Structures are given as structure tokens and as C-alpha cells.
Number of protein chains: 2
Amino acid sequence: MLSRRQLYILQAIVDDYVQTAEPVGSRSISKREDVDFSAATIRNEMADLEDMGFLMKPHSSSGRIPSHKGYRLYVDQLLNETDNNHLGLITSVQQLFDSRVSEVEAVMRKTAAVLSEMTNYVSVVLGPAMSNTKLKQLQIIPLSTTQAVAILVTDSGHVENRTFDIPHNMSLSDLEKFVNILNEQLADSPIKQWEALMSNEIERLLRQHVDHYEKIHQDLSAAFKPKVNEQIFYNGMLNLLAQPEFKDVEKVKQMLEWLEDKKEVYSLLNAMNSQGLTVKIGEENRFELFDDISMITATYAIDGDTVGSIGLIGPTRMQYERAIQIITQMADGLSTSLTRLYRHDA
Amino acid sequence: MLSRRQLYILQAIVDDYVQTAEPVGSRSISKREDVDFSAATIRNEMADLEDMGFLMKPHSSSGRIPSHKGYRLYVDQLLNETDNNHLGLITSVQQLFDSRVSEVEAVMRKTAAVLSEMTNYVSVVLGPAMSNTKLKQLQIIPLSTTQAVAILVTDSGHVENRTFDIPHNMSLSDLEKFVNILNEQLADSPIKQWEALMSNEIERLLRQHVDHYEKIHQDLSAAFKPKVNEQIFYNGMLNLLAQPEFKDVEKVKQMLEWLEDKKEVYSLLNAMNSQGLTVKIGEENRFELFDDISMITATYAIDGDTVGSIGLIGPTRMQYERAIQIITQMADGLSTSLTRLYRHDA
DNA sequence: TGTTAGCACTCGAATATCTTGAGTGCTAAA
DNA sequence: TTTAGCACTCAAGATATTCGAGTGCTAACA
């Protein structure tokens with residue numbers, strides 16, 4: 001068990017290092033006002049903390065930097081004690097959501113923007129999983145004799161559209177019939193049940209009422225399949241470049257490559273989905289490449305159901321306290337905002 | 001006027017330097033098979049070329065590199081002479097457009113992706129100016145008693161949607177009337193004329209048939225105003241990082257910042273809009289920051305009318321010949337593909 | 001007159017050497 | 001248990017050294 005003093009020293013080192021990105025020496029700590037023990041004492045404590053694995057030295061005669069284990073302790077134990085309410089932040093976050101943005105996508109984008117702007121880290125926002133939304137209306141608008149647009153509107157106000165070629169042997173009235181049937185049958189059923197519904201009754205109905213159904217089905221099935229994949233929004237990648245840990249172009253490249261491959265980010269974020277606030281430090285992360293990168297995630301909910309998550313990516317040397325405050329606030333605000341947006345059944 | 005031999009040497013230097021990014025010395029040129037004059041001769045010629053401003057030395061005892069003027073000459077005179085048809089390229093570019101992608105946005109994205117993949121430079125694609133497209137249909141789909149989605153479909157198959165709050169004092173039947181009037185009046189008129197139309201007859205009609213028009217107008221005008229601003233698609237920013245001219249993080253940062261501010265890129269691309277193929281070398285560019293960056297742009301057209309442009313951004317030390325070939329092909333393919341997409345009046 | 005070989009000279013880049021100072025660990029005394 | 005003191009370490013920065021690719025110039029040659 002760590003003594004009060006040891007905790008103090010660990011905290012001091014993390015705080016210092018987070019700010020300066022330089023190893024922290026015993027003297028610099030002993031100079032603090034509220035420290036009444038000497039540098040030598042601190043050195044002894046440091047040595048102990050190092051033995052326990054909370055600190056490291058970049059080289060044998062340098063100051064200490066926190067190890068991952070050190071950060072972990074800091075985040076888990078030292079942060080909880082601190083006051084979690086810097087009022088300035090809260091209000092400014094809440095303002096964002098009060099300005100009643102009414103498109104889901106706009107809200108997500110804005111969230112990402114604010115998140116990265118406030119923290120100077122990279123923000124990732126995973127759009128809400130739409131699997132529970134229901135079809136509100138399906139609409140076909142012909143553009144010409146050969147092409148038409150299919151428009152899917154969900155009860156959340158999410159709109160998807162796809163241009164498609166009208167199959168040769170399909171008349172306009174056929175098309176209308178086709179759409180009507182789909183509309184009647186699928187309206188108000190959750191998108192995730194479509195596949196199942198489709199293959200049963202509906203298929204029978206269609207086959208019965210629409211000529212050349214088989215052929216048409218092939219051509220159109222793609223157009224009417226909603227993409228359920230949630231979108232990912234980034235913001236503030238440039239912030240990363242300002243950090244000294246990215247002074248090497250090669251690393252920047254790796255990082256950007258990793259971010260560009262959204263699949264990876266997606267699965268990482270998704271994995272955190274049921275866990276509320278999460279702090280992954282350094283190699284705890286899946287992405288082994290980045291030893292000195294941490295990631296904080298938080299989830300947001302609609303009507304109490306967790307539907308997505310937002311994240312912050314920064315150096316392990318991160319302002320955890322501030323970042324956690326901000327991301328928590330954002331997640332809360334996002335939840336409120338989305339719940340309001342989705343609640344049409346008033 | 002430059003002699004044949006001087007042109008040859010200039011070309012050799014550009015070609016070499018483009019590949020290696022290292023200053024080119026006289027000996028390395030004299031070693032070429034088709035060179036039957038000595039290094040000393042080349043040195044003399046080089047000195048002359050330098051006097052004329054086509055070459056530079058990074059320092060007094062190094063090999064030569066092309067100056068902007070040198071690149072300019074290379075692009076303007078030396079490239080035109082060469083065979084412009086490496087068959088391999090052309091077919092592979094054309095294939096892309098044969099695969100009948102049917103969403104405009106998808107085509108633009110794909111264009112950007114292919115462009116950067118083939119060249120290893122950054123590609124910029126400016127979406128087609130939609131000012132000539134016409135409204136096909138305007139549709140309102142209520143989500144609840146308080147919210148609805150407005151959907152605009154243009155004759156090009158472009159769909160835009162916006163969620164909005166239904167004004168308190170507006171009944172559903174009012175809303176329907178409202179939409180019907182707009183539909184009747186605006187259908188088949190080009191989007192750019194909307195503003196004008198709106199403020200005249202239509203406003204009168206609306207005022208006549210819809211209660212509380214003034215108040216409603218305020219709330220809804222935003223929802224029905226199409227954003228005409230063309231989209232910008234990038235691709236291949238990572239390619240840049242591989243270039244030695246970007247080994248400095250600071251510069252990478254500047255570049256990404258510049259690209260992120262789409263306004264600038266937009267205006268630059270837009271300025272090129274009426275000029276077909278364009279090659280801007282180094283400081284000829286508006287963006288003075290980047291002395292060693294070149295930009296190639298080409299325009300594409302729908303039915304013969306230029307509607308947008310695509311660009312490639314790379315180091316001044318660029319494979320101009322190849323890049324020009326590729327971008328030209330892409331622009332052509334894009335024109336064909338879009339013309340086909342927009343031509344519904346068959 | 002144009003071309004070439006030869007040679008002294010230049011200068012960046014890579015490498016080695018020196019210096020400095022922040023920081024440590026250990027010891028011995030308070 | 002704490003602290004002062006001191007020898008020791010090592011990265012980082014400053015200087016010096018070496019190396020070689022490349023130049024310009026001169027003089028000889030065709």
C-alpha cells in the first residue's frame with residue numbers, strides 16, 4: 001500500500017509530466033510550496049515507486065516519468081478524490097446542446113468538433129446504432145423513365161436515399177405497387193427485422209402482385225437495404241501533430257493510417273460500448289503500435305439505452321482529469337439532445 | 001533559345017530529380033547510355049542553364065536541381081513532345097467509370113480515391129456545381145406532431161433532407177398546402193432561380209392560402225433552402241507524408257491545416273474552373289506557404305458545360321507527365337459518367 | 001571553336017570528441 | 001527516518017574532423 005506521501009509524489013510527477021513532457025526530477029518537486037521534505041527524501045520515495053513499477057526512467061540519470069501502471073493508479077485512485085466540477089466547463093458544454101440542432105448528423109459532427117477543440121486531442125464520435133429505429137416511410141421518386149430515387153425515412157428523422165435504374169421490364173405502375181406493398185408491410189417495424197420479414201410474407205405478396213418479380217428483386221434489393229453501419233466522425237487530428245510525441249513524421253503517418261482505417265477504430269469503440277466511462281492507457285489498448293497513446297471513451301444513450309460512444313485520443317501523458325470531465329459532460333449532453341430528437345411520440 | 005543538348009540535359013535533370021529528390025550531378029548524367037559528351041561538357045551546359053534561370057544549386061558545390069522556371073519549361077515544352085498514350089493507364093481509368101456507379105457523390109469519392117491511388121499525390125475533387133439542376137420533387141414526411149423531414153429531390157438524383165420543427169400554429173393540412181404550392185411552383189425550375197421566384201408570385205400564393213404565413217416562413221425558410229455549395233473530396237493525404245519534402249512535422253501541419261480549411265482550396269480550384277488543364281508550379285500558386293508544392297487541375301463537364309474541377313497536389317518535384325495523363329483521363333471519364341447520370345430526358 | 005581531361009577547391013553530411021548540467025544513488029551524520 | 005554531500009551517469013548540445021560528390025577553371029586537344 002502506498003503512503004500518503006508516495007501518492008502525493010506520484011501525483012506531482014504525473015501532473016508535471018503531463019504539462020511539460022519532460023522527465024521530472026526530485027528537486028523540481030521539492031521546490032513546491034506545500035512540500036516540506038527534501039529532494040533526497042523524494043529521491044528515496046521515487047526509487048521505491050520505481051521498484052513498485054509506478055515510475056520509470058528514460059535513462060539511468062534522468063528524472064522519472066510515470067509508467068502505464070503509474071497512470072493507471074493516477075486515473076483510478078487519485079482522480080476520484082478530486083472535485084469533479086469546474087463550473088466553467090459544464091456550462092459551455094451545455095450551451096452547445098441547448099442550441100437545438102435538429103439533424104442527428106449535425107449533432108454528431110458538432111460534438112466531435114467541440115470535444116477536440118476543448119481538449120486539443122483527437123475526438124472520435126461513433127454515430128448512434130440505428131437498429132431500433134423504425135421505418136416511417138419509403139418513397140420512390142422517378143427521375144426519368146429509366147431511373148428513380150428510393151428514399152427511406154426512419155422515425156428518427158434519418159433519411160437515406162439511393163438512385164437506381166428501373167428494371168427494363170418493370171412498368172411505373174408495377175413500381176408503385178411494389179413500393180406500396182413494402183410500405184404497408186414494413187412501416188413501423190424496426191430495421192433490424194427487415195431481413196426476416198422480407199423473406200416471408202412480403203416476398204409472397206410481391207410475387208403475387210408484381211410481374212417478373214424474381215428479376216426485379218435482384219436489381220432492387222440492394223437499393224432498399226438500409227446501411228445500418230454507424231458513421232464515425234473525427235475531429236482535431238491536427239492537434240496530435242502539436243504534441244511532442246509526434247515529432248517524428250513516421251509516427252504521424254502510422255497514426256493517421258490507423259485512424260483512416262475506420263474499421264479498427266470502429267471495433268475498438270464498439271467494444272467499449274457497454275462500459276460507460278473507460279480509460280485505456282498505452283499498451284492496454286488494442287492498438288499495440290502506439291505505446292504512448294491513451295484513449296478515453298464514454299457512452300451515450302437514447303432514452304436510457306446505450307446506443308453509441310464517443311472517444312478522445314491523446315498521448316498517455318494526457319490531462320486525464322480535464323479530459324474525463326469534458327467527455328462525460330459531452331456524453332450526457334449528447335444523450336439528452338438525442339433523446340429529445342428521437343422522442344416523437346409525445 | 002535552348003539547344004537540343006541543353007533541353008536534353010534539363011529534361012534529364014528533372015527526370016532524375018523527380019525520382020530521387022537528390023540534386024543531380026554532371027557525372028550521373030554523363031553515364032547515361034545515350035549521352036556521348038563528357039561530364040565536363042555537361043557542367044558547362046549546366047552552368048549556362050543556371051545562368052538562364054532554369055537550374056539552381058542548393059549550395060555551391062552540389063549538383064543541380066530544377067528551378068520553378070525549369071519545371072515550367074519542362075511542363076510546357078518537353079512534355080508535349082512525348083507520347084501521351086501509355087495504354088496501360090487509359091484502360092484502367094476507363095474501367096472505373098464503366099462500372100456505372102449511380103450516385104453522384106459515390107462517383108466523386110471514387111474519383112478522388114483512384115486519382116490519389118494512381119499518382120500517390122493528394123487528390124482534390126470539387127463536386128459539380130448544381131446551379132443548373134432542377135427541382136424534381138419536394139416532399140414532407142411528418143415524423144410526429146412536432147417534427148417533419150423535408151426532402152428535396154433534384155432531376156440529377158441528388159437528394160437533400162432536413163429535419164425541422166413544425167411551427168406550433170401550423171396544422172398538418174396547412175403544411176400540406178404549403179408543400180403543394182411550393183411543389184407546383186418550383187418544379188422544374190433551376191435551383192439558382194429559387195430565390196427570385198420565392199419572393200414574387202409564390203410568396204403571394206402562400207400568404208393567401210396558408211394561415212400565419214409570416215411566422216411560418218421564418219421558421220421554415222432555412223429548411224427549404226438548398227445548399228448549393230459544392231462538396232470537396234480529398235484523398236491520399238497520407239501520400240504526402242511519404243515525400244521527403246514533408247519530413248518536417250511543422251510543414252505537414254501547415255499543409256494539413258491548409259487543406260482542412262476548405263474555403264481556400266475551394267477558391268483555388270474554382271479559379272481554375274474555366275481553364276481546362278492547368279499546372280501551377282511552386283510559388284505560382286496562390287498558397288505562398290508552399291514553395292515546393294505543385295498543383296495540377298483539370299475541369300470536367302456535363303453535356304459540354306464545365307461544372308467542376310479535379311486536382312492533384314504534390315511536390316514541385318512531381319511526375320508531371322504521368323500525373324497529367326491520369327488527371328486528364330479521369331476528367332474525361334468523369335465528364336462522360338456524369339453526363340450519362342444527368343441525362344434523364346432520354 | 002567546341003570538347004575534354006585534370007586538378008584544386010567547396011561544402012554538406014556523417015562521425016567523432018568534448019563539455020555541460022540536470023539528475024541519480026549511496027553514504028554518513030543529524 | 002530524514003537530510004546534506006558527493007561521486008557518478010548520461011543525454012544533448014557544441015565543436016572539430018573526415019569524407020566524398022560535385023563544381024569551376026585551365027590547358028590541351030580535335
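In what follows, chains carry the letters A, B, and so on, assigned in the order in which the sequence lines appear, proteins first and then strands, with residues in each chain numbered from 1. Quick caveat: nothing in here was measured; it's all calculated off a predicted structure.
Heavy-atom distances to DNA chain C give each of B:Pro58 and B:Ala40 a nearest nucleotide, and the one nearer the 5′ end belongs to B:Ala40. Along DNA chain C, the nucleotide nearest to A:Arg27 and the one nearest to B:Asn44 differ in position, and the one closer to the 5' end is contacted by B:Asn44.
For the pair B:Ile42 CD1 and D:dG22 C1', the computed distance is 13 Å after rounding to whole Å. In this structure, B:Ile65 atom CD1 and C:dG12 atom P are separated by 14 Å, rounded to whole Å. The separation between A:Asp48 atom CG and D:dT1 atom P is 11 Å, rounded to whole Å. Counting to the nearest Å, the P atom of D:dT3 and the CZ atom of A:Phe37 are 9 Å from each other. Atom NE2 in B:His59 sits roughly 9 Å away from atom C1' in C:dT10 (whole-Å rounding). One can place CD of A:Glu50 at 13 Å from C1' of C:dG23, the figure rounded to the nearest angstrom. A straight line from CD of A:Glu22 to P of D:dA11 spans 14 Å, rounded to a whole angstrom. Residue B:Glu45 contributes atom CD, which lies 10 Å from atom P of C:dT4 at whole-angstrom precision.
Between A:Thr41 and the phosphate of D:dT3, there is a side-chain N or O to OP1/OP2 separation shorter than 4.0 Å. For D:dG22, the OP1/OP2 oxygens have no side-chain nitrogen or oxygen of B:Ser26 closer than 4.0 Å.
Side-chain atoms of B:Arg27 do not come within 3.5 Å of backbone N or O of B:Ser38 as any donor-acceptor pair. B:Thr328 places a side-chain N or O within donor-acceptor distance of the main-chain N or O of B:Ile324, the cut-off being under 3.5 Å. A donor-acceptor pair is defined here as one N or O able to donate and one able to accept, closer than 3.5 Å; such a pair exists between the side chain of A:Gln6 and the backbone of A:Ser3.
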* Worked check of side chain to side chain donor-acceptor pair (under 3.5 Å) between B:Arg317 and B:Gln19 -> CA-CA 8 Å; B:Arg317 178 186 66 76; B:Gln19 267 215 311; over 6 Å; no
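Ranking C:dT10, C:dT4, C:dT24 by closeness to the B:Ser60 side chain, first place goes to C:dT10. Of all nucleotides listed (C:dT24, D:dG24, C:dC11), D:dG24 comes nearest to the side chain of B:Arg64. For B:Lys57, counting side-chain heavy atoms from C-beta on, the closest listed nucleotide (D:dG24, D:dT2, D:dC10) is D:dG24.
Residues B:Tyr121 and B:Ser116 approach most closely at O-CB, 3.2 Å, considering heavy atoms.
If you check distances only, the side chain of A:Arg43 does reach the base of D:dG5 with a donor-acceptor pair under 3.5 Å. Side chain A:Ser61 to base D:dT9: a donor-acceptor pair is found below 3.5 Å.
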